[in-house]
Amino acid sequence: MVKLDIERFGQYEFEDGITLKEIITALEGEGKKIKGAVGGLLDNQIIDFHTPIRKGGKLKFLTRKDPESLEILRHSLAHILAQALKEIYGDEKVHLGIGPTTEHGFYYDVEVEGKRLTEEDLPAVEEKMREIIKRDCRIEREELPRQEALELFEKKKEIYKLDIIKHQIPEGEPISVYKQCDFIDLCRGPHLPSTGEAGAFKLVSLAGAYWRGKEGNPMLQRIYGVGFWTEKELKKYLNMLEEAKKRDHRKLGKELELFTITEDVGGGLVLWLPKGAVIRNEIENAWKEEHTKRGYQLVYTPHVGKEQLWKTSGHVDFYRENMFPEMYIEEEGYFVKPMNCPFHVEIYKNRQRSYKELPIRLAELGTVYRYERSGVLHGLMRVRGFTQDDAHIICREDQVEEEIKKVLQLVLDTLKSYGFDQFQVFLSTRPEKSVGDDKMWELATNSLKKAIESVGLDYEIDEGGGAFYGPKIDVKIKDAIGRMWQCSTVQFDFNLPERFDMYYIGEDNQRHRPYMIHRAIFGSIERFIGVLLEHYAGLLPLWLSPVQAKVIPVADTHTPYAREVAQRLKDAGLRVEVDERSERMNKKIRDAELQKIPYMLVVGDREKDTGTVSVRTKKKGNIGVFTIDEFIDRAKQLIETKSTEL
RNA sequence: GCUGGCGUAGCUCAGUCGGCAGAGCAGGUGAUUUGUAAUCACCAGGUCGUGGGUUCAAGUCCCACCGCCAGCUCCA
């Protein structure tokens, strides 16, 4: 018998090996209503209607509304894809590899004998898949004895499935196959009750993949698909992809001349062009100002340091594969820094510290270099040289809680000022292997928890997901098209204070080990600007816009007045350009629009005679005539408040 | 790093079966003097990613390398 604690229905006992489907029948027999279930969650594991339940636990029915149910849908879509291929190219010609789910869909690795699939083949496969869905094949699960399974797949010439059975499924473990119409596949599940319940999908791409991902093994073809319950959700996702393409920061960076990454300099190394540098400068200035206000002390540290320093910190032993290789000067080894922490520790240790001067908060926009494998580099998002908005807080035990709260408040205030107001917070706790004693971990983890609760945010706990040297909070932000980006991190470090023997002299005239907190708000300035560009689709808030206003003379004769206007605005601290080209006004407006310049100030005879400007904004079009001072006041006010309005 | 796709003018891209390297935009010059998203004409711009090979002939076919893009993997 298995004991189940069923959500909404209470405690039940069933025969060993009962399936979800039978449970539903039983419950409905008692007059209970279970609407729209497509699967279940047994102790957080997704199960389908077919799988025998052999151990008790907490059971919850999954409907299409539960995100976990997509797993079932997508798994079945992968099977439908496999079935379609078999029906098109012949049962014995198609050799199936594996067909798992992905974040938004699924894929199946296959080999079609005597045929190399191309993108052009995909529509026909999709068509066949739709037909199979329409056929509404009942999906059934069966468990086979090992020998029988081997014979079955031998007969079907499923060489890869045989490989899985022989090498991946231990003797004695049940071997399950799923059947739908004439199609039968080795699979662990979970699956839908029938193919007719499969939702909306699209095959999106084709790539090669070695069997088991190992070079030297035969190469299969991997067909990727995306899948959702409804046509609407699928469309939404595809639209999001379209939209994301349009706002791709790499494209915007090129079009707006913000930054460039060239082969000559090297992959993952960013050159900031003048306009991009303006954005970065504004962000850095605001950052410095805010940190100074909140009691941080700004420091600068070098880009390289001696080998011994990185040995003491542990980087040479634990982080070396991410570091640029060592270099030698006068027979002494040096490393380019992958992190700023050891330098900040040295700054702390510059002299003996008293308990009276804690907390010490050291902040730096420190550029670090890390070796990232070439395949992972991606515009500004993943680079080899980037600037951390780094700070280390060194404090006493009795200050920990207050400090963490302050950090989190600063994180939220800052992110909100850039227009982000939806967050996901993760608290990662102690992993198996770790340093530091229980008391420290408990105090640190609790203060992180309390801080999140004090700012009123929801959070998820990643049990055991902390670094070996301390627990942490990660904050992700949601952008305008719903994507989440990891930015901020607040991390305890019980390791470095020990390794560097950091201490302060307490009231008792004894040495004490301080707590050290490592934190960043943006994480990486480069990446954050990438996120900003995609969030705003290139139309940045006024205070960050490289060119805030373009003065557009209607004809050449108005150029002197346009220059005069520009000078007045420059004197007021605005970033202005005059379009002096001998082009038609319409062309100048178009170009300013394409450059995503927030304000276009059209000046002709009327404006010249009255000392005004005709204001056109990127968002709202022509908003009327302003005197120069009126315009300056408006712009300055919006800049001051970091407004996203124009 | 792995797999697939792609590298042609500053940018976006065309280039058929192997047969004289093209267009639009950007740039330069000149004309035009314009009222809220593209005025016209002319000019210049190329080691077709790099290196080999096949061929009478290679942007095109083959091999190797480099780079970019997508996915995977990785991300104490």
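Lettering of chains follows the sequences in order, A, B, ..., and the numbering in each one begins at 1. The structure displayed is predicted, hence computed values, not measured ones.
Taking atom C1' in both A57(B) and U32(B), one finds a spacing of 49 Å when rounded to whole Å. To the nearest whole angstrom, the two C1' atoms, one in A14(B) and one in C48(B), are 13 Å apart. For A23(B) and U8(B), the C1' atoms lie 12 Å apart once the distance is rounded to whole Å. Using atom P as the reference point in both C68(B) and A31(B), the two lie 46 Å apart (nearest Å). Nucleotides C56(B) and G51(B), compared at atom P, are 23 Å apart to the nearest Å. Nucleotides G59(B) and G53(B) have their P atoms positioned 15 Å apart, rounded to a whole Å. Comparing G28(B) with G45(B), their C1' atoms sit 10 Å apart, to the nearest whole Å. Distance check on atom P: C11(B) versus C20(B) gives 26 Å, rounded to whole Å.
When the C1' atom of A26(B) is taken as reference, atom CD of E255(A) falls 13 Å away, rounded to whole Å. Between E263(A) atom CD and G49(B) atom C1' the separation is 7 Å, expressed in whole Å. As rounded to whole Å, 13 Å separates atom P of C75(B) from atom CE of M339(A). Atom pair E257(A):CD and C11(B):P shows a separation of 12 Å (rounding to whole Å applied). Atom P of nucleotide C69(B) and atom CG of L380(A) are separated by 11 Å, given to the nearest angstrom. Between the CD1 atom of I98(A) and the C1' atom of U73(B) there is a distance of 13 Å, given to the nearest Å. The distance from atom CG of L203(A) to atom P of A70(B) is 20 Å, rounded to the nearest whole Å. Atom C1' of nucleotide C74(B) and atom CE of M381(A) are separated by 19 Å, given to the nearest angstrom.
Residue pairs meeting the side chain to side chain donor-acceptor pair (under 3.5 Å) criterion with at least one member in residues 251-275 of chain A: none, sequence neighbours excluded.
Using a 4.0 Å heavy-atom cutoff across all strands shown, Y107(A) reaches no nucleic acid atom at all. Within the nucleic acid shown, H104(A) has no heavy atom closer than 4.0 Å to any nucleic acid atom. Residue-level contact check: R250(A) touches the backbone only, with heavy atoms under 4.0 Å from sugar-phosphate atoms and none from bases. Using a 4.0 Å heavy-atom distance criterion, K254(A) is classed as a sugar-phosphate-only contact.
Each of R590(A), R584(A), E583(A) was scored for a side chain to side chain contact (heavy atoms under 4.5 Å, CB included) with N586(A), with one residue passing: R584(A).
Both T102(A) and R382(A) sit near RNA chain B, but only T102(A) has its closest nucleotide nearer the 5' end.
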Contact letters for nucleotides 35-43 of chain B, in which S counts primed atoms plus P, OP1 and OP2 and B counts the base, heavy atoms under 4.0 Å:
BBBBB----
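Applying the 6.0 Å contact sphere to NZ of K596(A) captures more than 12 heavy atoms from other residues, nucleotides or ligands.
Note: F426(A) and Y459(A) fail the aromatic proximity criterion, with ring centroids not under 6.0 Å apart. For an aromatic pair to be called close, the ring centres must be under 6.0 Å apart, and Y515(A) with W441(A) fails this.
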Please test E580(A) against T559(A) for side-chain hydrogen bond (donor to acceptor under 3.5 Å, both in side chains), starting from the C-alpha separation and ending with a verdict.
CA-CA 7 Å; E580(A) 300 193 10; T559(A) 300; 5.6 Å; no
After noting the C-alpha distance and the side-chain angles of Q491(A) and H518(A), does the key distance pass the side-chain hydrogen bond (donor to acceptor under 3.5 Å, both in side chains) rule?
CA-CA 5 Å; Q491(A) 202 151 358; H518(A) 172 106; 5.3 Å; no
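Side-chain contact between T445(A) and P471(A) is present, with heavy atoms from C-beta onward closer than 4.5 Å. Two residues are said to be in side-chain contact when any heavy atoms from C-beta on lie closer than 4.5 Å; V551(A) and V613(A) fail this criterion. With a 4.5 Å cut-off on side-chain heavy atoms, Y561(A) and V554(A) do not count as touching.
Remark: RNA chain B takes part in the stems B:1-7 with B:66-72, B:10-13 with B:22-25, B:27-31 with B:39-43, B:49-53 with B:61-65, each of 3 or more antiparallel Watson-Crick or G-U pairs, criterion distances under 3.5 Å.
Contact check, H378(A) against A70(B): a side-chain N or O comes under 4.0 Å of OP1 or OP2.
A salt bridge between R320(A) and E326(A) is present, with a side-chain N of the basic residue lying under 4.0 Å from a carboxylate O of the acidic one.
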